[in-house]
Structures are given as C-alpha cells and as structure tokens.
Amino acid sequence: MQSPSRGPAGASDTIAPGGTEPGTATPAPRFILYKEGAEYIAELGQLTLWVQYVLLPVYGREVSSTAPWCSRWWEHREAIAQLHGLWLAWGELTGPHAAMSGPATWHRDFLLPVMSSLRDPMGPFAGCKPGRHRATETPPVDSPALNPP
C-alpha cells in the first residue's frame with residue numbers, strides 16, 4: 001500500500017534524509033556533492049524516491065516551454081544539488097520534531113525558490129522537452145596561469 005505523502009509502505013526511512021554513519025559520533029557529509037561512489041549512489045537513490053513519491057505527485061506542475069522539467073533530472077548536476085538541498089530542508093522542517101510553522105517555512109524559503117530556479121526557461125532543463133533529455137554544457141573557464149611571471 002502506498003501513502004501519497006510518504007511513498008511506498010515501509011519506505012519511510014527513504015523519505016527523510018540520513019544523518020550519521022552507524023557506529024560513529026561524527027555526522028557523515030550530508031550534502032550529496034561531497035559524497036562519492038556507493039555512498040553517492042545510495043543517496044541519489046533515496047533522493048529519487050523522495051522526488052518520485054513526494055515532490056512530483058504534490059508539487060509537479062504541468063510541463064511547458066515556460067516551465068520545463070526533465071524526466072531524467074538526475075543527469076543534471078545542478079538539479080541534483082538543488083533537489084538534495086530541498087530534501088534536506090524537508091527532513092528538518094517537516095519531520096516529527098519540526099516546529100508547527102516548519103512546513104510553511106519550507107514552502108516559502110525552499111520549495112518555491114528551488115522549483116522556480118529549476119523550472120525557469122533558462123534553468124538547467126532549458127533544452128529538455130517531455131520525453132527528450134538534452135545534456136547541459138558546462139560554461140568554459142579560462143584557467144589562471146599556474147606559474148605567474
């Protein structure tokens with residue numbers, strides 16, 4: 001059985017972001033861009049479940065040329081970074097120990113700016129169309145001289 005706000009039954013631990021590595025007192029790096037290998041893949045998997053079962057069913061508005069969305073969002077590093085931050089804030093502001101105003105704060109301070117940025121016509125999904133992904137090109141960077149004169 002699936003709850004529309006929590007995802008598949010038994011997946012509640014996949015909806016709230018993690019925090020500390022088992023058996024340690026030091027928190028693991030939480031932000032996904034600091035993770036590598038299997039740890040990165042596992043975190044991306046958890047994020048994907050949250051996006052699929054919570055974010056998009058509730059907040060995924062219709063796709064248009066003025067509000068694009070990429071069905072392969074995980075292939076856009078900017079989208080991963082922004083959605084991961086949104087998910088971390090979700091866990092902090094909507095969990096069982098959150099203040100009563102937590103959900104309203106999450107909507108105002110996190111959801112609206114992130115979704116506006118991602119769905120902007122010039123955002124990371126600008127070249128994507130429904131059913132068609134287009135990779136984003138990284139802007140060129142001129143490297144500074146390594147051996148100054």
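For this chain, numbers begin at 1 and follow the sequence in order.
Val114 and Met122 are not part of a single hydrophobic cluster, where members link through side-chain heavy atoms under 4.5 Å apart.
Using the six-membered ring where Trp is involved, Trp87 and Trp50 have ring planes that are tilted, between 30° and 60° apart.
Side-chain contact check for Tyr59 versus His107: some heavy-atom pair is nearer than 4.5 Å. Two residues are said to be in side-chain contact when any heavy atoms from C-beta on lie closer than 4.5 Å; Arg119 and Val63 meet this criterion. Between Trp90 and Leu55, every side-chain heavy-atom pair lies at or beyond the 4.5 Å cut-off.
When ring centroids are compared, Tyr34 and His84 stay outside the 6.0 Å threshold.
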Would you list the atom pairs, donor with acceptor, under 3.5 Å between side chains in residues 127-136 and any protein atom, with sequence neighbours excluded?
residue, atom, partner, partner atom, Å
Arg132, NH2, Gly127, O, 3.3
His133, ND1, His76, NE2, 3.2
His133, NE2, Glu75, OE1, 3.1
Thr136, OG1, His76, ND1, 3.1
Thr136, OG1, Pro124, O, 3.4

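Ser64 contributes a side-chain N or O that, together with a main-chain N or O of Ala67, makes up a donor-acceptor pair within less than 3.5 Å. No donor-acceptor pair closer than 3.5 Å links the side chain of Ser117 to the backbone N or O of Pro113.
With sequence neighbours excluded, the residues satisfying side-chain contact (heavy atoms from CB on, under 4.5 Å) with Leu44 are Ile32, Tyr40, Leu47, Thr48, Trp73, Trp74, Ile80.
Among all heavy-atom pairs drawn from Pro68 and Phe125, the shortest one is CB-O, 3.5 Å. Closest non-hydrogen pair, Leu93 versus Ala98, comes out as O-CB, 3.2 Å. Considering all non-hydrogen atoms of both residues, Ala79 and Leu118 come closest at CA-CD2, 3.7 Å.
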